[in-house]
Amino acid sequence: MPRNLHDWNLTPTEAVAVQHRLRSKVRIKSLSRRVRFVGGADVSFNRFSDKLYTAIVVLDLSTLEVIESVRVRSVARFPYVPGLLSFREAPSVIAAWDHLQQKPDVLMLDGQGLAHPRRFGLACHLGVLLDTPTIGCAKSLLTGIHEELPTPAGSAVPLMDRDEQVGVALRTKRNVAPIYVSVGHLADLPSAVDLVRRTTGKYRQPEPTRQAHLLVNQLRREDLIRNQKQRNKQK
DNA sequence: GCGACAG
DNA sequence: ATCTTGTCGC
């Protein structure tokens, strides 16, 4: 498995080739093993900075309590290019993953899985590299279209790209914009949607990625304050 | 050629 | 993604 830094030092053209090569590794199946721990990952950064803040949280599915969290700082080695997000964010998520004591049974990512122009979004990529079940939970659309959603929370409509269904638009909160759920790896759409529903509370985003989001922003702001204090000392 | 474009 | 306070609505 390609997992060292060198493998991420690519040009955008090479990155696309990697996606074509790795997408055949994606396996779609029902989340077999009973899910006890659900993970969520997110990445944050400051404008004009290449420093990344990444977190993974692990929740107990039965209580939705956070049982473990890991936060890491890293440096981006790839720009944000639509369709190539994983080459920017995946290395730091893998670093955080390696520090986890309790690996979750499934990991939810802030981005697309199969709902991607080459059917290999962030969730697919990380699933394959980590050899772990993953689910994509994006807040906006990269590829595909869908019919209007009914108003009630829990409503879902197929997300279509041409003739194939690549995911669902899921309204997790009444009268609020949907999130886009798609399969990453070692999961199928029904079990993915089911898990998102079971981990969603009163907010738009499911708890795993929401908690990860809160953590990375906390870490990023801690660093901002720290840097400002350093500057004042030098003055 | 034009518009769209996860985070 | 991030820069940002109050504010309209369920």
Side-chain angles (χ1 to χ4, degrees), chain A residues 8 12 15-16 19 23 26 40-56 72-94 96 107-127 134-146 149-155 159-162 166-185 192 196 201-206 208-210 212-225 227-228:
Chain A
W8 297 103
V16 169
Q19 292 181 324
R23 67 178 173 182
V26 171
D42 194 27
V43 177
S44 173
F45 56 90
N46 288 313
R47 214 157 120 160
F48 309 130
S49 166
D50 59 358
K51 190 161 184 174
L52 299 182
Y53 301 91
T54 304
I56 297 182
V72 302
R73 281 176 269 256
S74 62
V75 174
R77 302 165 188 279
F78 201 90
Y80 169 68
V81 179
L84 299 177
L85 177 64
S86 53
F87 294 88
R88 176 177 174 79
E89 298 193 348
S92 62
V93 175
I94 290 172
L107 182 64
M108 295 169 64
L109 281 309
D110 198 353
Q112 316 290 350
L114 292 176
H116 177 279
R118 290 170 292 280
R119 305 292 179 265
F120 199 69
L122 176 68
C124 299
H125 205 148
L126 279 167
T134 54
I135 295 172
C137 294
K139 298 180 297 300
S140 64
L141 226 40
L142 175 63
T143 294
I145 57 176
H146 64 86
L149 274 154
T151 308
S155 325
L159 177 60
M160 306 295 297
D161 189 11
R162 300 291 182 95
V166 294
V168 302
L170 174 65
R171 200 187 300 276
T172 52
K173 186 174 161 66
R174 180 185 171 86
N175 253 347
V176 168
I179 62 170
Y180 302 94
V181 179
S182 60
V183 167
H185 185 50
V196 172
K202 48 189 290 195
Y203 301 95
R204 182 191 181 208
Q205 292 179 265
T209 50
R210 195 179 82 86
H213 187 72
L214 293 174
L215 271 188
V216 290
N217 281 328
Q218 175 192 317
L219 177 60
R220 181 172 60 81
R221 278 155 192 161
E222 283 174 12
D223 259 30
L224 269 182
I225 308 284
N227 293 335
Q228 284 167 6

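Worth knowing before you read on, the calculation uses all heavy atoms, side chains too, and leaves out hydrogens, waters and symmetry mates.
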Exercise for review: For DNA chain B, write out the stems as range with range, using runs of 3 or more consecutive Watson-Crick or G-U pairs with both distances under 3.5 Å.
Suggested key: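 Counting only runs of 3 or more consecutive pairs, none involve DNA chain B.
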
Close side-chain approach of [X] to [Y], heavy-atom, < 4.5 Å:
| X | Y | answer |
| --- | --- | --- |
| A:Leu84 | A:Val16 | yes |
| A:Val43 | A:Asp110 | no |
| A:Leu107 | A:Ile135 | no |

Review point. Is a side-chain N or O of A:Glu89 found less than 3.5 angstrom from the main chain of A:Leu52, in a donor-acceptor match?
Key: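 Not confirmed, A:Glu89 side chain does not pair with A:Leu52 backbone.
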
Practice item. Could you pull out all residues at least two apart from A:Phe87 that satisfy ring-ring contact (aromatic ring centres under 6.0 Å, His included)? Key: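 Per chain and number, A:Phe87 pairs via ring-ring contact (aromatic ring centres under 6.0 Å, His included) with A:Trp8, A:Phe78, A:His125.
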
For [X], give me all partners under side chain to side chain contact (heavy atoms under 4.5 Å, CB included), at least two apart in sequence or on another chain.
| X | result |
| --- | --- |
| A:Ile179 | A:Leu170, A:Thr172, A:Val181, A:Val196, A:Arg204, A:Pro206 |
| A:His146 | A:Leu141, A:Leu149, A:Val157, A:Leu159, A:Ala169, A:Tyr180 |
| A:Pro152 | A:Pro150, A:Ser155 |
| A:Lys51 | A:Ser49, A:Tyr53, A:Arg73, A:Asp223 |

Kindly give the atom pairs (protein nitrogen or oxygen, nucleotide nitrogen or oxygen) under 3.5 Å for nucleotides 1-7 of chain B.
{"residue": "B:dA6", "atom": "OP2", "partner": "A:Tyr80", "partner atom": "OH", "Å": "2.4"}
{"residue": "B:dA6", "atom": "N7", "partner": "A:Gly83", "partner atom": "N", "Å": "3.0"}
{"residue": "B:dA6", "atom": "N6", "partner": "A:Gly83", "partner atom": "O", "Å": "3.0"}
{"residue": "B:dA6", "atom": "N6", "partner": "A:Leu84", "partner atom": "N", "Å": "3.3"}
{"residue": "B:dA6", "atom": "N6", "partner": "A:Leu85", "partner atom": "N", "Å": "3.1"}
{"residue": "B:dA6", "atom": "N6", "partner": "A:His116", "partner atom": "NE2", "Å": "3.4"}
{"residue": "B:dA6", "atom": "N1", "partner": "A:Leu122", "partner atom": "N", "Å": "3.0"}
{"residue": "B:dA6", "atom": "N3", "partner": "A:Gln112", "partner atom": "N", "Å": "2.9"}
{"residue": "B:dG7", "atom": "OP1", "partner": "A:Lys139", "partner atom": "N", "Å": "2.8"}
{"residue": "B:dG7", "atom": "OP1", "partner": "A:Lys139", "partner atom": "NZ", "Å": "3.3"}
{"residue": "B:dG7", "atom": "OP2", "partner": "A:Ser140", "partner atom": "OG", "Å": "2.7"}

Practice item. Verify the contact: side-chain N or O of A:Asn217 to OP1 or OP2 of C:dT2, cut-off strictly under 4.0 Å; return yes or no. Key: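 Answer is yes, contact under 4.0 Å.
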
**Study point:** Phosphate contact (C:dA1 OP1 or OP2) by A:Arg220 side-chain N/O below 4.0 Å
**Key:** no

Check your understanding: Between which residue ranges does DNA chain C form stems of three or more consecutive Watson-Crick or G-U wobble pairs, both distances under 3.5 Å?
Key -> none

Under 3.5 Å, which protein N or O atoms sit close to an N or O of nucleotides 8-10 of chain C? Give each pair with its distance.
none

Practice item. Could you tell me which residues satisfy salt bridge (charged side-chain N to carboxylate O under 4.0 Å, His left out) with A:Arg210, sequence neighbours excluded, listed by chain and number? Key: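 Here the qualifying residues are A:Glu207.
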
Practice item. Could you list the residues that satisfy salt bridge (charged side-chain N to carboxylate O under 4.0 Å, His left out) with A:Asp42, not counting sequence neighbours? Key: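 Not a single residue meets the salt bridge (charged side-chain N to carboxylate O under 4.0 Å, His left out) criterion with A:Asp42.
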
**Study point:** Interatomic distance, A:Asn46 CG vs C:dA1 C1' [rounded to whole Å]
**Key:**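 Rounded to the whole Å, the gap is 10 Å.
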
Anything under 3.5 Å between a protein N or O and an N or O of nucleotides 4-6 of chain C, put it in a table, one pair a line.
none

Practice item. Could you give me the CA-CA distance, side-chain angles and deciding distance for A:Arg119 and A:Asp161, then say whether salt bridge (Lys or Arg N to Asp or Glu O under 4.0 Å) is met? Key: CA-CA 10 Å; A:Arg119 305 292 179 265; A:Asp161 189 11; 2.9 Å; yes

Practice item. Working to the nearest 0.5 Å, report the span between CG of A:Leu85 and NE2 of A:His116. Key: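 The distance works out to 8.5 Å.
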
Practice item. Kindly compute the distance separating NZ (A:Lys139) from CD (A:Gln112), expressed to the nearest 0.5 Å. Key: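 These two atoms lie 10.0 Å from each other.
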
Exercise for review: Please assess A:Leu109 against A:Thr209 for the test side chain to side chain contact (heavy atoms under 4.5 Å, CB included), listing each intermediate value before the final yes or no.
Suggested key: CA-CA 7 Å; A:Leu109 281 309; A:Thr209 50; 6.0 Å; no

